[in-house]
Structures are given as C-alpha cells and as structure tokens.
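Residue numbers start from 1 in every chain, and the chains themselves are labelled A, B, ... in the order their sequence lines are given, proteins ahead of strands.
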Amino acid sequence: MKRTVPLLITAIVGFIFVVSFFTPAAEFLGELAAVWFDILAGIAFILGGGNLLKVHLKKISDRQAGWGYSGVTILAFVATLVVGLGKFGSPPAPKQEFYGETFATLPLEALPESLVARVPGQIPEKENGEPLPPSVRRQIVQRDGQIEFRGWMLSNQKHDLEEYKDRRAWRKTVEALYEAAQPPEPLRGKVAYYTDHRALSFKGAMTDSDRQALLALSDEPVWRQAVEQLYEQSRKVTRVRVSWLPESFAVPESLRDRLRYDAQTKELVLQGPLSADQRDALKKQFPDAEPLSAKQRTTFRKKLESLGRPLNDEQAKILDRLLSQPLPESVGERNKLLGLALLEHGGLTKEQCDSLFAPYRQEVAWRAKVLELFHAAHQVKYPWSGEYRAQGSPFWWLYEYAFKPLTATMFAMLAFYVASAAFRAFRAKNVEAILLLGTAFIILLGRTFAGVLLTDWLPDSLAGLKIDNLTVYIMQVFNTAGNRAIMIGIALGIASTSLKVLLGVDRSYLGSGGE
Amino acid sequence: MYEFLKNLDRRWVFLMMLLAVAVPILFRAQFPERPTGLARAVFDEIEKLPAGSRVLLAFDFDPASEGELGPMATMVVRHCCEKKLKMYFIALWPVGPQMIDDVIHKVILSDFPELVYGEDYVNLGFKPGNEGVIKVIVTDWKQLYTTDDRGTNIDQIPMCRGIENIQSMDLVINVSAGYPGTKEWVQYAATPYPDKIRIVAGCTGVQAPLLYPYIPQQLPGLLGAIKGAAEYEELVVQKYDRKKGRQPAAKYQEAKRRMGPQLVAHLLMIGLIVLGNVVFFMERSRRP
Amino acid sequence: MKRETLIWTVVLVAAGLFLAYRSATNGVGHVYVDQTDIGWRTASPENVVAGTAAFSLSRTVGTWVAALFTLCILSFLYRDNPFYKFAEAVVVGVSAAYWMVVAFWTTLIPNLLGKLWPAWIQSWAMPGLSSVREPLWYLYLVPLGLGVMLLWRLAPKGAWISRWPLAFTIGAFAGLRMVSFIQADFLSQIRNSILPLIVFAENGAFDFWTSLRHVLIVGSILASLVYFFFSIEHKGVIGKVSKVGIWVLMITFGAAFGYTVMGRIALLAIRLEFLFHDWLGLT
C-alpha cells in the first residue's frame with residue numbers, strides 16, 4: 001500500500017501529460033497537472049529550507065566538528081527569512097495605494113439601499129457559459145426584469161461589462177446602468193466604492209457639505225460610522241518643515257483650499273492627502289530657464305571666474321552655447337548641465353562648482369520636501385503589498401551584498417581551476433587527445449581578437465582557413481554533428497527511463513524498503 | 001627548470017590566471033569586435049520586428065553567470081527599447097526577477113524614461129516549476145500569472161489584456177545560464193509550436209555548444225558566451241550610437257571590456273597546456 | 001604564533017588600515033543614492049558630482065561587506081581557512097532562505113492561497129487580486145494537501161507520506177520529458193539532419209563547398225551514432241567508422257572545452273571589475 005499508491009500516482013500523472021499532448025480535448029488536464037506541479041515545486045523550496053534547518057540544528061546539538069559554522073548558517077538563514085517574509089523596509093505597492101484617497105472599511109453587504117441602481121434589461125448569457133467578470137460579479141444581479149447594481153460603478157467595471165458581450169443593445173444597457181450607478185452630483189468624482197478593497201473612498205479632504213451629502217444617503221449606523229471615519233481621516237493636517245521656499249512658489253489650483261505655507265513656523269501645512277498628480281504639480285515650482293543675452297552671459301562668466309580661475313576657450317564656448325539657447329530645463333538643471341560640461345573640459349574650483357550647482361541642490365531639496373509631505377499625509381492601505389525585494393530593504397541588501405557576491409565569486413573560482421586542470425591534466429598522448437587539444441586551441445584563439453590578428457593576412461581565396469572562420473565552421477559542422485548524436489542518444493535514454501518509471505519497472509525513486 | 005615545472009605548486013598557476021585577468025582590466029585593454037553569423041541572426045530577428053510587436057524576455061540566470069549574460073540582457077533590452085517593442089519580462093530562476101530589476105533600472109528607467117510601465121513593458125516575475133511553467137504558459141498563462149510582479153491584477157495591465165498565452169508573442173528572447181533555460185524553451189515552446197513561437201537566445205559558454213543542434217530550425221539565432229554578447233553589442237551600438245555620431249555609454253560596452261581579459265587569459269590557457277605537454281614529453285623522454 | 005600566520009596578519013592589518021585611510025580621505029568604496037518617487041536608487045554619476053546625491057551608509061557598508069566576502073572566497077585558492085568557511089556558511093544560509101522567501105511570495109501566496117482564499121490574501125498581501133473565487137477553486141486543495149505531505153518529510157516519523165507528492169513530481173517529469181525529448185531532441189534532430197548531399201547554387205552550378213559541408217555533417221552524425229551503438233562489436237568497417245565517430249566527438253569536446261574556458265573567465269572578470277571599480281575605484 002505504501003508503495004503501490006505512489007506508483008499509481010506516478011503512472012497516472014505521467015500518462016496524463018502524454019495523453020494531453022496528443023489529445024486536444026484533454027489539454028486542460030495536462031494544464032491542471034502542470035499548475036499543480038509548479039505549486040509543488042514552490043513548496044519544495046520550503047522543504048529545502050526546512051531540511052537545512054534540521055541538518056544544521058542537529059549538527060549544533062550533537063556538537064559535531066564545525067558546529068560553529070552551522071550556527072553561522074542558521075543565523076544567516078533566519079535573518080534572511082525574517083526580513084524576507086516580513087517585507088521590512090518595503091514600501092507598499094504604488095498602484096494599489098490609491099494616493100490622494102482616504103479609505104474607510106465598509107463591506108459590500110453594508111452598503112445602503114439608496115446605493116442600489118436599477119435599469120430595465122436582461123443580463124445576456126455567453127455561449128461558453130462564462131460568468132460575469134469578477135470585478136462586477138458580486139455587485140450585479142438580475143431581478144424582476146431589471147438589472148440591479150449595488151454600489152457606484154467604476155470605469156474599469158463598465159469596461160469589463162462592455163467587453164463581456166459585444167452587442168450594441170447590451171452596451172447601451174451598460175451605459176445606462178453606469179450613469180444610474182453614480183454618486184449624487186455634488187459628490188461625483190470625489191467619492192467611490194471599491195468592492196475588492198471593501199472600502200468607501202474619498203478623494204482629497206472632505207468638506208462639511210460633502211459630509212452632509214453622504215450622511216443624507218442613509219441612516220444606517222454602519223454607513224454613518226464609515227462616513228465619520230472618512231471625514232476625520234481625510235481632514236488630517238500634516239506639517240512639514242521647509243526652510244527654503246522657491247521664489248516662484250505657487251500653490252497648484254487643485255490644492256488651493258488645502259495647502260498653505262506658514263511663514264512663521266516655516267512649515268508647509270496640508271489638509272488631507274496628496275494624489276500623485278498633485279505631488280508632481282507641487283514639485284514643478286521652477287520655470288524653464290530663459291536664454292541669456294550676450295551682456296548677461298558676460299556678467300555670468302565674470303561672476304563665475306571671480307570665484308576661482310578663468311575659463312579656457314572651450315569652456316567659454318560651451319558656456320555661450322548653453323546659456324544662449326532656450327532649454328526645456330529649469331535654471332538649476334541648466335546650471336548643472338553647464339557645470340558638468342565645464343568640469344569635463346577643463347575643470348572648475350570648488351567654489352565655482354558650489355555656485356553653479358547651488359540652484360540644482362535647492363531644487364532637489366524642495367522635491368525631497370514635497371515627497372516627505374506626500375508620504376506623511378498618505379494613509380497606508382496595504383503595508384504588506386510591496387515587493388519582497390524592494391531596493392533598499394534589508395532583504396535586498398542581503399541579496400545584493402551577501403548572496404550575489406558570494407555565489408558569483410564561488411563560480412568565478414572555476415576560472416582558476418580550469419587553468420590548473422589544463423596545466424596538469426591535458427596531455428596530447430594520442431590522436432584523439434591531439435584532435436581535442438587542437439580544436440580547443442582553434443576555438444580559444446578564434447573567439448578572441450588573437451585569432452583575427454594571427455590569420456587576417458591570409459588572402460580571400462583562403463578565407464576559410466582564417467581562424468575566426470575556421471572556428472565558425474568547426475562549431476557549425478563538427479560540433480553540431482557530435483552534439484546532435486549525443487542529443488539523440490540522450491533522448492532515447494530519457495524516453496526509456498521515463499517509460500520505465502511510468503510503468504513502475506524502475507522504482508528507485510521510492511527509496512529502499514523499510515518504511 | 002624541469003623539476004620546478006614538474007612540481008609546480010598550482011597556486012602559481014592561480015596567480016598567473018589572476019594577473020592575466022586583472023592587468024587587462026586595470027589597463028582597460030580593449031579590442032575591436034567583428035560580428036559573426038549567429039549574433040547577426042539574433043540582431044536581425046529583433047531588428048525586423050515592427051514597432052509595437054510583442055516580445056517575451058525570459059531571464060533565466062543568476063548573479064553567478066551575470067558576467068557573461070548581464071551584457072546580453074542589457075543590450076537586448078536596449079535594442080527592444082530602440083525598436084519600441086512591447087516587452088514582457090518573466091523568469092524561470094528564483095533570482096531572475098533581480099536580474100530583470102537591474103536591467104530595467106540600468107536601461108529603461110535611465111535611458112528611456114518615456115516608456116510607461118504597464119503599457120510599454122511589464123515584469124511578470126518568477127514562477128517555480130521549471131519546464132512546467134513553460135508547459136502552462138504556452139496555452140494559458142493566466143493560470144500562473146494572475147498578477148504582475150508588483151501585485152497588480154493582470155487584467156488591469158493594458159498590455160496584458162487580450163493575451164491568452166505566449167503564442168501571441170512575436171518573438172521570445174531567452175537569456176539562460178543552464179537549467180531551466182534555452183533547451184527547455186526550445187523543447188516545450190519552439191518545437192511544439194513551430195509556426196507560432198520563434199525563439200532567439202543568449203547563453204553561457206558552457207551551454208552554447210550543446211545548443212548548436214537546434215540551430216537554425218528550432219533556434220534561429222544564438223549568442224554564445226561573452227564573445228556572442230560582445231558581437232551583438234557591436235551590432236546594436238553601430239546602428240544606434242555610432243551611425244548617429246555619438247559614443248556609446250560605458251554600460252553598453254561591458255562585453256567588449258571583458259573581451260580584453262579574455263584574450264590574455266586564453267593565451268595563458270594555451271601557454272599552460274603547451275607547457276604542461278612539454279613537461280610531460282620531457283618526463284617521457286627521461287624515462288628509461 | 002606561526003611565522004606564516006604572523007606575516008599574513010601583518011599584511012592584512014596594513015592593507016586594512018591603508019584602505020580605511022583611503023576611504024576616509026578619498027571616498028573609496030562610498031556609495032551614493034538619489035531619491036526618486038519610488039524610493040532610493042543608486043545615484044547617477046552626474047548627481048554625485050553635483051552634490052545632490054546622498055551618502056548611503058547601508059550601501060557603503062554593503063559594498064565593503066561584499067568586497068570582504070569576495071576576498072574570503074578567493075582566499076580558498078591559497079588554502080582552506082576559517083574566512084572561507086565562514087563565507088561558505090553564510091552563503092548556504094542566505095541562499096536557502098532566499099529561495100524560500102521567493103517561493104512563498106511568488107507561488108504560495110498568489111497561486112495557492114490566493115486561489116483558495118482570495119479575499120483573505122487580497123486583504124493584506126495582494127490588493128490587486130480579485131477577491132472572487134474562480135470556479136473549480138476547490139481543485140487547489142489537492143496541491144495544498146500534497147504540499148503538506150511533502151513537508152512531512154521533515155517530521156521524525158511518517159516520512160513515507162512524502163512519497164505521494166514525490167511520486168507526483170517524478171511522474172510529471174517523466175511524462176513531460178518523454179514527449180518533449182522525443183519531439184525536440186530525437187525526431188526534430190533527425191529531420192534537421194536530412195540535408196541534400198548534392199547542392200546546386202541558384203545559377204545551376206554545382207556548389208561544392210555547401211555539398212561538402214552537408215556531407216561532413218551527415219557523415220559525422222552517422223559516425224558518432226555508430227560509435228554509440230554498443231550492441232555490436234566495433235570491428236572491421238564498423239570499427240573504422242566508429243573511430244571516425246570518436247574523432248568527431250573529440251572535436252566536439254575540444255569545442256566544449258574552449259567555450260567553457262571562455263565562460264569561466266568572464267565570471268572572474270566581472271568579480272575583479274567589482275573589486276577594482278565599485279570598491280577600490282581604480283578603474
């Protein structure tokens with residue numbers, strides 16, 4: 001029994017793959033088995049880790065020779081596992097954070113009755129029996145000749161419904177349902193409901209009139225609680241200290257009511273969250289640099305030279321060229337380009353560099369402050385949704401500065417061993433060995449410039465004897481032939497071994513008797 | 001001399017190899033590259049694709065083989081960006097996604113910032129299962145890839161909509177270090193679907209000779225080892241940098257830089273083999 | 001203390017002090033980062049020069065750690081030593097855990113738990129996942145069960161339970177490979193080997209070189225296959241043909257050796273590039 005069932009499993013699974021290859025109708029079985037196989041392969045990694053722990057812990061407990069190194073292994077293993085599974089230092093996935101919006105938990109079942117939209121119509125059925133798209137499945141229902149939609153329809157849900165059935169009548173119904181399933185006019189564009197996230201969302205900071213409009217939709221306590229939570233959270237005030245404000249600082253239009261600069265405390269004060277677009281608009285406080293006239297360029301150059309040493313001719317040309325043309329860059333970016341070019345073509349003193357790069361440094365510092373405000377004002381929705389190997393996280397650090405150099409160097413050691421083996425073991429004892437070594441020499445020379453140098457002098461009529469061409473010929477004729485023969489032999493071997501395994505003739509993978 | 005060579009401590013050989021590779025790196029020795037047929041075939045396969053074509057880039061390697069395959073991965077992505085192809089990244093090796101991240105930062109984010117994630121390129125990440133993964137994605141890739149590597153639902157990624165499987169790809173470019181790799185892609189994707197799936201590949205020096213039997217019917221082009229990478233680099237740089245009158249950036253000349261130490265080390269290898277044989281024949285002649 | 005150990009200690013301490021001095025004065029081995037919307041990234045050289053890149057202590061320490069690990073592994077070439085053993089122990093632990101973490105986040109969560117309990121997984125790990133269960137979701141209970149059985153291998157008793165998932169894996173491999181190897185490595189290779197032995201160019205003239213090439217390819221394949229056929233004695237004509245087969249195989253192995261050498265050296269080159277460029281700033 002202990003050995004019969006596994007043998008049966010092997011045979012059945014193997015033959016499923018074979019049959020599904022030849023029988024299109026059974027293809028889905030092969031796919032299913034392949035998906036299960038892939039999942040098991042993933043779990044095998046976990047088995048590997050567990051086995052490592054088991055072996056090394058035993059070594060430590062038995063105090064075997066070298067148990068100290070086992071301790072190091074366990075420590076490295078546990079540290080990597082903890083930071084990797086915990087996703088420490090990994091920022092949440094930007095696409096799912098809904099920047100600029102505040103969430104309050106509200107399950108679909110708790111949505112009030114006033115949020116159910118109805119239009120007359122019939123949900124069509126698909127010939128292949130495919131159900132409605134998952135994005136709308138729980139919110140849409142057919143009742144009494146009407147289609148009901150619970151909640152407010154998002155544009156991606158509308159798109160999925162339209163794609164569901166390519167019929168003009170259905171599209172018209174979807175259009176009508178979409179229009180009916182929208183928030184009341186004063187709230188449109190600000191409020192949304194996300195079914196998968198079980199969240200009522202508000203964009204920006206909720207005003208009192210918004211709050212009243214939302215509360216008017218239902219008296220149910222769950223709804224009211226969610227609205228109040230949203231009201232409080234979305235009006236949270238964030239302050240960030242900013243010692244320097246750009247000269248041309250102007251609050252973007254969309255933030256007029258929510259953002260201000262407090263000159264006394266030197267703080268940017270923001271009510272509510274920032275969306276990604278608002279963040280980018282806030283960053284863009286620096287107008288494009290205007291081209292300078294000849295007189296202005298001369299003044300600029302004199303001021304720069306007074307800080308250090310005079311510019312050479314090439315530097316002067318570069319300065320004239322860059323400052324005289326309109327560039328789609330801010331003053332800071334333009335000065336940075338200028339500074340880098342001048343450094344490359346003659347060098348600058350430290351004071352000259354500081355003077356040129358100062359505006360760029362200020363621009364970068366401003367953008368950093370905007371980012372700080374952006375993150376401080378954001379309500380984190382899914383702290384564990386980020387990439388497990390986000391750059392800068394401890395897991396990434398362990399990969400980049402431990403795993404990568406160690407494994408790469410271990411493999412790099414092979415270069416030394418191949419050299420040592422070549423010196424000690426490669427002997428031209430007979431014809432076969434001479435053939436092997438001769439081919440190796442041709443390949444070693446032909447795949448580098450040495451081969452080209454050695455035989456480039458040969459005339460075109462003897463081009464075939466040039467080492468680089470000879471290399472290609474050897475690879476495409478003899479190497480291909482030899483490897484093809486080996487491949488055919490291996491294929492027959494694999495086929496026969498596989499068949500023996502599938503038919504239960506070869507049972508070695510089950511291990512020896514015993515259990 | 002004979003006694004010294006006969007009993008030569010292998011550490012002297014190690015030192016010779018170290019110097020043979022280190023000195024050309026320190027002195028930045030570089031040599032011109034002359035592309036050959038297979039590198040040209042890979043270049044032409046990508047070059048002939050019209051803008052907007054879909055390319056599946058499978059990065060099946062890890063840091064241990066980055067020396068050879070890193071430059072290939074970099075240039076292939078650069079070539080696809082220059083041709084404005086839609087890039088779909090996947091990996092069959094657990095560390096493959098790191099390699100994909102590195103190339104995206106090195107090439108796309110720094111030199112092609114106008115490309116939009118989700119519309120021009122997408123990273124679908126790693127799935128375990130080796131050839132089992134290929135077996136599934138040739139018919140239905142959503143069975144395994146429900147989200148991209150960042151957790152975004154695949155149905156919400158514009159460039160993934162309407163794609164059932166990798167037969168929709170116009171080309172598959174595989175950069176592989178071993179198992180699973182090019183051989184598995186040829187066996188499970190190119191051979192069963194010869195009219196639908198076309199594959200070109202870059203592989204390590206160890207693998208390259210073993211893949212020649214597949215050329216050209218099952219594998220139209222192959223970049224073998226660092227030499228193949230250097231030849232392909234030369235082709236891309238010639239078309240997209242030199243012909244436009246600019247010098248290629250250092251990161252697009254990595255393979256060419258590594259060919260410098262290759263030449264010296266190859267000469268050392270030949271020298272060591274010859275020396276070893278000289279010692280052997282001297283020993284034989286001394287035997288009574 | 002042995003003389004050799006003393007010499008090595010002095011050399012290493014002197015080198016260490018010199019490097020520390022160079023790092024403090026010249027910024028050797030320092031790493032800088034730029035802030036972007038999606039986090040900190042390695043700084044572009046322009047931003048380092050312009051002074052807007054921030055010094056990253058963790059990445060600088062990391063570069064030094066990576067360089068020291070590289071040297072620890074390379075020290076094995078001289079002799080086995082505790083530094084090498086330490087580095088080896090670290091890589092074993094880190095790589096095993098790395099693969100576990102990767103398998104967990106890329107397969108277990110999205111492809112197993114995400115199919116069985118999508119709403120739960122969506123609520124904390126994968127917000128982009130649809131929280132609606134697919135039809136036939138219960139089929140995923142089978143790999144879950146098999147996975148638990150596989151992990152039973154670690155248990156002190158009842159390790160035989162893990163034979164079932166192992167049998168599944170073996171069966172899958174056998175079934176997959178039997179077909180793919182026959183198709184791609186047997187039939188396709190035979191088809192690819194059927195080449196015209198007498199080739200004419202487009203203008204109708206006999207193309208000698210291509211014909212010779214094809215004759216050589218087909219002849220070499222057949223000769224090599226004859227060598228592998230061990231069911232008859234390699235005597236007489238068969239013996240001579242198999243000898244030619246061995247020669248072809250020797251050329252094949254010579255080519256393989258040449259390419260292998262090329263591969264290995266490139267790996268060493270990138271490591272030395274890291275030490276000279278990223279760490280010491282010499283190139």
Side-chain angles (χ1 to χ4, degrees), chain A residues 6 9-10 13-14 17-18 21 36-37 39 42-43 45 49-50 52 69 72-73 76-77 80-81 84 96 134 137 196 336 357 364 382 385 388 392 401-403 405-406 409 411-412 414-415 418 432 435-436 439-440 443-444 477-479 481-482 484-485 487 489 491 494 498 501-502 509 515, chain C residues 40 50 52 62 65-66 69-70 73 85 89-94 96-97 99-101 103 105 107 112 127 130-132 143 147 154 160 163 167-168 170-172 174-176 178-179 181-182 185-186 189 216-217 220-221 224-225 228 248-252 254-255 257-258 264-265 267-268 271:
Chain A
I9 292 175
T10 305
V13 171
F17 278 110
V18 175
F21 182 83
W36 290 359
F37 172 74
I39 293 171
I43 296 175
F45 284 128
L52 179 113
Y69 296 110
V72 171
T73 301
F77 177 82
T80 310
L81 196 66
Q96 312 302 330
R137 210 175 290 167
D196 280 337
K336 176 187 119 176
F357 293 132
V364 169
Y382 295 101
S385 62
Y388 61 90
Y401 301 114
F403 180 88
L406 285 166
T409 314
F411 274 81
L414 294 165
V418 89
E432 286 84 12
L435 264 176
L436 191 148
T439 311
I443 301 287
L444 285 171
V477 175
F478 299 106
N479 171 73
R484 200 165 268 172
M487 209 181 253
I494 297 252
S498 300
V501 165
L502 292 182
Y509 62 92
E515 252 205 315
Chain C
W40 295 92
T52 55
V65 165
F69 273 145
T70 303
I73 299 284
K85 289 197 181 110
V90 169
V91 73
V92 167
V94 170
W99 291 330
M100 263 183 81
V101 170
W105 289 116
T107 305
L112 183 61
S130 168
S131 39
V132 174
L154 299 169
W160 62 266
R163 279 196 198 135
F168 184 97
I170 300 283
L176 279 172
M178 193 167 80
V179 176
F181 270 80
I182 294 279
D185 284 11
F186 185 66
Q189 295 308 317
L216 281 173
I217 291 177
S220 303
I221 294 171
S224 307
L225 284 171
F228 284 130
V248 172
L249 289 170
M250 288 298 121
I251 297 177
T252 308
F257 171 70
R264 301 293 177 228
I265 289 165
L267 305 184
L268 179 60
R271 279 289 94 205

_Report which part of F478(A) has an atom under 4.5 Å of a heavy atom belonging to chain C: side chain, backbone, both, or neither._
both
*Tell me, side chain or backbone of I43(A) under 4.5 Å from chain C's heavy atoms, or both, or neither?*
both
_Main-chain N/O of A89(C) paired to T73(A) side chain as donor or acceptor, under 3.5 Å_ = yes
*State, with a plain yes or no, whether a side-chain heavy atom of V501(A) is found less than 4.5 Å away from one of I170(C).*
yes
*asked:* When you measure from the side chain of D196(A) to the backbone of S131(C), do you find a donor-acceptor pair of N or O atoms at a distance under 3.5 Å?
replied: yes
*Is the shortest heavy-atom distance from the side chain of F257(C) to the side chain of T439(A) under 4.5 Å?*
no
*Pick from Y388(A), F37(A), W36(A): which one has the most heavy-atom pairs with chain C under 4.5 Å?*
W36(A)
*Side chain, backbone, both or neither: which part of I39(A) has a non-hydrogen atom closer than 4.5 Å to chain C?*
both
*Looking only at heavy atoms, which two atoms of R271(C) and A412(A) are closest? And how far apart?*
CG-CB, 3.9 Å
*Return the option, out of V91(C), I265(C), T107(C), with the maximum number of heavy-atom pairs under 4.5 Å with chain A.*
V91(C)
*Checking Y382(A) against chain C: side chain, backbone, both or neither under 4.5 Å from a heavy atom?*
side chain
*Shortest non-hydrogen separation from V13(A) to A172(C) and the atoms involved*: CG1-N, 3.6 Å
*Sort V65(C) into side chain, backbone, both or neither according to what part of it lies under 4.5 angstrom from a heavy atom of chain A.*
both
*May I ask you to name which of G254(C), S224(C), S220(C), G175(C) has the most heavy-atom pairs under 4.5 Å with chain A?*
G254(C)
*Check whether any side-chain heavy atom of V101(C) lies under 4.5 Å from a side-chain heavy atom of L81(A), and answer yes or no.*
yes
*asked:* Can you tell me if F411(A) has over 12 outside heavy atoms packed within less than 6.0 Å of its CZ?
replied: no
*Identify the heavy atoms of A491(A) and F186(C) that sit nearest to each other, and give their distance.*
CB-CB, 4.0 Å
_Under 4.5 Å from a heavy atom of chain C, the part of Y509(A) involved_ = side chain
*Which pair of heavy atoms, one from L444(A) and one from G258(C), lies closest together, and at what distance?*
CD2-O, 3.9 Å
*Where on F228(C) is there a heavy atom nearer than 4.5 Å to chain A: the side chain, the backbone, both, or neither?*
side chain
*So what's closer than 4.5 Å to chain C heavy atoms on L414(A): side chain, backbone, both or neither?*
both
*Please report the closest heavy-atom contact between I217(C) and A481(A), naming both atoms and the distance.*
O-CB, 3.8 Å
_Using the side-chain contact (heavy atoms from CB on, under 4.5 Å) definition, which of the options V72(A), L52(A), L406(A) pairs with V92(C)?_
L52(A)
*Find the distance between CE (M250(C)) and CD (E432(A)) and round it off to the nearest 0.5 Å.*
6.5 Å
*Which value, rounded to the nearest 0.5 Å, describes the distance between M487(A) atom CE and I221(C) atom CD1?*
11.0 Å
_Just so I understand: if I count every heavy-atom pair under 4.5 Å between each of G489(A), G50(A), G392(A) and chain C, which residue has the most?_
G50(A)
_Quick check for you: to the nearest 0.5 Å, what is the distance between T70(C) atom OG1 and Y401(A) atom OH?_
12.5 Å
*Should the ring pair W99(C) and F403(A) be called parallel, tilted or perpendicular, given that the plane angle runs from 0 to 90° and is split at 30 and 60?*
perpendicular
_Residue among I443(A), L436(A), V418(A) with most heavy-atom pairs under 4.5 Å to chain C_ = L436(A)
*Determine the minimum heavy-atom distance between M100(C) and F45(A), stating which atoms define it.*
CG-O, 3.5 Å
_Please identify, among A167(C), P127(C), A96(C), the residue contributing the most non-hydrogen atom pairs under 4.5 Å to chain A._
P127(C)
*Segment of V364(A) engaging chain C (4.5 angstrom heavy-atom cut-off)*: side chain
*Please state whether the side chain, the backbone, both or neither of L249(C) comes within less than 4.5 Å of a heavy atom of chain A.*
side chain
